[in-house]
Amino acid sequence: MGFKALDEITGGEVRIGCAESHQIKYLARTIKVFREEYPLFRYHLTSGNTEQVIERLDRGIIDFAAIAEPPNLSLYNYLEFPGVNTWGIVMKKSDSLSQKRQICFEDLLGIPLICSEQGMKFDITRWCGEKIDMLNLSGTINLAYNGSVFVKEGLGYMLTFDGLVDTGADSEICFRALEPPLETKMYLVWKKYQVFSPIAGLLLEKMKKMFIT
């Protein structure tokens, strides 16, 4: 039996792997609009770092991957998320460093740092070059929430994107951006020549329209 005509589709399932980023809000907004058109549509999100979600994509476990590094153009097609992620330090508000509006490389010397392995390898190295060997990486994480708990418990300072953990007025932690600024873009990728289900193909077309800034 062949596929239903597109105007007969009311739902289906799509699986998406997501790296952590406040830019995932654009995906959420798209899905909200999409579900109004296709009320029986269901989405399944899994979280992980770029390496983990790309592995799931390559194995065919997920349809799309939202990643925080430029995609391999020989293997994947992509959409660029609007906006950027800004890197900085999450620390206790009671810390003397929190009095600074921005954090420079010299501020990081001699303090215990927590960061994702991917972030240290690609982004922080891009920011400070060979001087990265001067930094004290005391631990690695792949979920910012867990890292923020360690910060609250006095285990160090977390290098991470803005907008991933609660740093509001009632929180005991705060975020300060790096200087010079360090930014990372997000990309939605899928395998080249991938054969999508009808609902996944329709979602991709909707994302192409809504991701345009």
Side-chain angles (χ1 to χ4, degrees), residues 17-25 45-58 65-72 80-81 83-189:
C18 298
E20 281 193 302
S21 168
H22 70 87
Q23 290 173 279
I24 297 301
K25 66 186 179 185
L45 297 184
T46 56
S47 297
N49 60 29
T50 291
E51 182 179 357
Q52 290 168 333
V53 297
I54 282 292
E55 179 187 6
R56 293 180 190 135
L57 182 66
D58 290 342
I67 62 174
E69 64 181 62
N72 182 334
E80 195 173 285
F81 278 79
V84 294
N85 296 286
T86 300
W87 278 88
I89 287 284
V90 171
M91 69 188 103
K92 287 189 173 184
K93 289 179 179 175
S94 59
D95 193 281
S96 58
L97 266 185
S98 69
Q99 302 305 310
K100 301 195 66 170
R101 297 183 63 183
Q102 297 171 313
I103 303 299
C104 66
F105 178 80
E106 286 70 25
D107 295 324
L108 302 182
L109 296 176
I111 63 175
L113 298 173
I114 303 167
C115 187
S116 68
E117 291 185 79
Q118 176 186 332
M120 287 298 288
K121 182 178 180 181
F122 295 104
D123 297 281
I124 304 304
T125 299
R126 176 162 56 91
W127 181 64
C128 62
E130 295 179 358
K131 293 191 295 182
I132 194 169
D133 292 336
M134 300 169 63
L135 299 179
N136 173 25
L137 179 63
S138 66
T140 64
I141 46 96
N142 67 349
L143 290 175
Y145 173 78
N146 290 340
S148 72
V149 173
F150 275 51
V151 171
K152 292 176 183 178
E153 293 299 321
L155 281 162
Y157 303 71
M158 182 168 62
L159 283 161
T160 189
F161 294 160
D162 62 332
L164 291 187
V165 296
D166 178 18
T167 56
D170 295 331
S171 175
E172 63 185 279
I173 57 177
C174 62
F175 176 90
R176 297 291 183 268
L178 297 178
E179 175 59 38
L182 175 63
E183 297 175 338
T184 297
K185 295 194 68 67
M186 285 283 291
Y187 303 86
L188 184 86
V189 303

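Annotation: E172, atom CD; neighbour count of heavy atoms from other residues, nucleotides and ligands within 6.0 Å is above 12.
When D95, V90, D107 are each tested for a side chain to side chain contact (heavy atoms under 4.5 Å, CB included) with Y157, only one passes: D95. Put simply, the residue from I89, T160, L137, L135 that forms a side chain to side chain contact (heavy atoms under 4.5 Å, CB included) with C115 is L137.
Judged by distance alone, with hydrogens and angles left aside, the side-chain atoms of K93 form a donor-acceptor pair with the main-chain N or O of S171 at under 3.5 Å. With hydrogens and angles disregarded, a donor-acceptor distance shorter than 3.5 Å links the side chain of Q118 to the backbone of T50. Looking only at distances, no side-chain donor or acceptor of W127 sits under 3.5 Å from a matching main-chain atom of P181. In this structure, E55 contributes its side chain and Q52 its backbone to no donor-acceptor pair below 3.5 Å.
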Validation: residues 138-152 side-chain donor-acceptor distances under 3.5 Å, sequence neighbours left out:
| unit_1 | atom_1 | unit_2 | atom_2 | d |
| --- | --- | --- | --- | --- |
| S138 | OG | L113 | O | 3.2 |
| S148 | OG | Y145 | O | 2.6 |

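Sequence neighbours left out, the pairs with a member in residues 116-143 that pass salt bridge (charged side-chain N to carboxylate O under 4.0 Å, His left out) are D123-R126.
Once rounded to the nearest 0.5 Å, the distance linking CZ of F175 with OG1 of T86 reads 6.5 Å. One finds the CD1 atom of I103 at 14.0 Å from the CG atom of L182 (value rounded to the nearest 0.5 Å). For the atom pair T125 OG1 and M120 CE, the distance stands at 6.5 Å (nearest 0.5 Å). We find the CG-CD1 distance between L188 and I67 to be 9.0 Å, quoted to the nearest 0.5 Å. Taking OG of S47 as the reference point, atom CD of E20 lies at 6.5 Å (rounded to 0.5 Å). Rounding to the nearest 0.5 Å places CD of Q99 at 8.0 Å from CZ of R176.
Residues I54 and V189 have side chains in contact (heavy-atom distance under 4.5 Å, counting atoms from C-beta outward). Between L159 and I124, the closest side-chain pair of non-hydrogen atoms falls below 4.5 Å. Using a 4.5 Å heavy-atom threshold, the side chains of R56 and T46 count as touching. Using a 4.5 Å heavy-atom threshold, the side chains of I111 and L97 count as touching.
Ring pair W87/F161 is perpendicular by interplanar angle, where above 60° counts as perpendicular and below 30° as parallel.
The nearest pair of heavy atoms linking M158 to V165 is CE-CG1, 4.3 Å. The heavy-atom pair separating A66 from I24 by the smallest distance is CB-CD1, 4.0 Å. Counting all heavy atoms, side chain and backbone alike, A68 lies closest to A19 at N-CB, 4.3 Å. When all heavy atoms are compared, the tightest approach of K185 to Q23 is C-OE1, 4.4 Å.
A donor atom on one side chain and an acceptor atom on the other are found under 3.5 Å apart for N85 and S21.
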